[in-house]
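Notes follow once the structure below has been shown.
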Amino acid sequence: MKDLFSDNNIQPADSEFSQKKRGSEDNVLSKSLERRSQVDTESEKGGESAKVQIENLRRQLHEHNYNYYVLSQPTISDFEFDKLMRRLMDMEAEHPEFYDPTSPSVRVGSDINKNFVQVTHRYPMLSLQNTYSEGEVTDFYNRVKKGLNEDFEIVCELKFDGTSISLIYENGKLTQAVTRGDGKKGDDVTDNVRTIRSVPLILKGDNVPRYIEARGEVLMPWSVFEELNAAREAQEEPLFANPRNAASGTLKMQDSKVVASRKLDSYMYYLLGEYLPTDSHFENMMMAKKWGIRVSDAMKRCRSLDDVFAFLKHWDTERKNLPVATDGVVLKVDSLSQQRNLGYTSKFPRWAIAYKFNAEKALTRLDSVSYQVGRTGAVTPVANLEPVQLSGTTVKRASLYNEDAINALDLHIGDMVYVEKGGEIIPKITGVDKEARFLTGDKVTFAKRCPDCGTPLVRNEDEAVYYCPNADGCPTQIKGRIEHFVTRKAMDITVGPETIALLYDKGLIKNAADLYTLQFDDLVNLERWAETSARNLLASIEKSKSVPYERVLYALGIRYVGETVAQKLAQAFPGIDLLAQASIEQLTAVEEIGGRIAQSVVDFFANPNFTEILTRLKEYGLQFALSEEALAAKTDKLQGKTIVISGTFALHSRDEYKAMILQNGGKNSGSVSKNTDFILAGDNMGPAKLEKAEKLGVKIIDEQQFLGMIGVL
Ligand code: IVH
């Protein structure tokens, strides 16, 4: 825990830019910048001008990056690399006039906020027809054969499962990186892409065409994905469903420093431009590799269908050992002139298809079933498995959902079970190999008692979930509620689950209100706690007293009261006493508050344990009413209007617009329907939403018009 708060956790100087660590440490480069004063600054040396020195350093570092990231063959030690990078960053800081966006030091990113600019693709970004069987692959092969009526070769390559990108190199320099968007137009994400180590900023060699587009995939490696999700889970932030979503979400982030810390990877699979070196896709990719572009080695030129099938078979198993996600094989006619001859259908090229692998499955043994209680008391069954490799990671646990799912599988301890990942974060058990069942263990029956406090569990009628009803006494639920209370979107107190557990175990906190009575002496006497950590925590707790009412309401952890419901309740009942006294009828009269939520709110305020905590929190000075400002901003200008927000905005964030809609009596909805009154559209409105809006004739307004409508412009 100490590390979280201590202010002296600086890396040892000699490993800071270490090649092994490059890409595995967040913000190491920026840390070095802060410490620049401690490092010797070598300025003009041997008569060389600063400009020449900077250029030399950049050239060397580009070369070493290429050796390391593209060839996987570093030629200098980590220590040497660190030294070169540090010297370059020092010199660049001293000579801002030589700033170059393609310098190897830009990998660190910058925290300037940006809205992405839309760019029209010079060549549209197409997608491929998917096929799922060898029969369909044979059909493709025969169509090509018939269409060309001459010899041809098929290049087989892996289909990487990330997000597509188009890299534009002009005179060998990366000038623009654009997402696929709708295929015709995409977002300019150049600054973010510059942070990806395997994307060369400058191409090598003297035969680089003066204009070239490299198309490929940006990927988040499995290991990074898992680390990221674990961190998000600890913060109770929503998890990414798969590395593809994580990669595309990351590319669209505003802050390229955060992008840099996410350690994205990339593979390029296609070149475009008027000055390509040869007529062969395969040869061009080999040339691209020489220029420093990251190209997968898993590429084969095939002369027959048998060669193609051998590739499919080989990679169906071999891909499981790759550090990144793949979901199939792409087959392309090798010759570019033959590609042109075959041409395109209305949607896809006729010269390429994608063959998709079956969802990965693994067979392993069910060792035991354990149960976890969440902060709301819901109990989740988890299967503990004999570790097995699946999609590049070791799977030890799988979700079992609920009692009904367990019964449907007729699960017994010791069973051989099939686990699938199917693009989800948590693998699931999809079946049992009953033939392999000879020494049957006990049938799995759902736990009768809470795994933590032993209280008998209850399952409400027409619900599939079991609950531990001991909300006030079950330690896991208590700690869970405090963990929820401190999350960023709630009270935003910087304290992690381990510290909460420690404070709880030491008897210092039994509920969220106790946080506000913590004393410096309590904390500083804890094992491994420094004064700084104690002071930081107390400051963060103090700061939370100004968190606005709707977030405090969310922080209370009332079952079914998420962020949006909390905002609605705060608008409808602008003070906690009003809310506490509200009847089911009054609550359900609020738009989108149904009986289930209303009952949960009423139950909460009827529980003396919770109301006592509330009273104390009020005493400590937390916000339990809408601020004057929020009250003054309340109008009914959008009364009865259902509004969908889509796209990105320049003047306010989406969350701010959401809050404005509620403040003015309107209703914010996620999807376009015939009930939508209008769409508040920013840039890059989703194509599906746009199409639907046009079909239904829903009015679209921009931010200026919206602000005018509520009278703030
Ligand atoms: S070729 C016109 N090759 O798969 C040819 N695409 O529907 C365009 N993808 O989102 C694509 N690996 O980003 C090609 N080796 C590969 C690929 C690949 C992944 C993605 C691509 C697109 C989708 C194709």
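Predicted model only: the values in this text are computed from it and were never measured. All ligand and atom numbering here is 1-based and tracks the order in the structure.
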Exercise. Without hydrogens or angle criteria, can the side chains of Asn341 and Trp351 be said to hold a donor-acceptor pair below 3.5 Å?
Worked result: no
Donor-acceptor contacts under 3.5 Å from residues 144-156 side chains, at least two apart:
from, atom 1, to, atom 2, distance (Å)
Glu150, OE2, Gln338, NE2, 2.9
Glu153, OE2, Arg303, NH1, 2.7
Glu153, OE2, Arg303, NH2, 3.1

For this session: Answer yes or no: is there an ion pair linking Arg301 with Glu283, defined by an N-O contact shorter than 4.0 Å?
Result: yes
For this session: Would you tell me whether Thr676 and Thr642 have side-chain atoms, one donor and one acceptor, within less than 3.5 Å of each other?
Result: no
Problem set entry | Cation-aromatic face contact Arg122/Tyr211, 6.0 Å, 45 degrees | yes
For this session: Taking only heavy atoms of the protein into account, state which residues are under 4.0 angstrom from an atom of ligand 1, in chain and number order.
Result: Leu126, Ser127, Leu128, Glu157, Leu158, Lys159, Phe160, Ser164, Glu217, Tyr269, Val330, Lys332, Pro349, Trp351
Problem set entry | Arg215 NZ/CZ over Tyr270 ring centroid, <6.0 Å and within 45° of normal | no
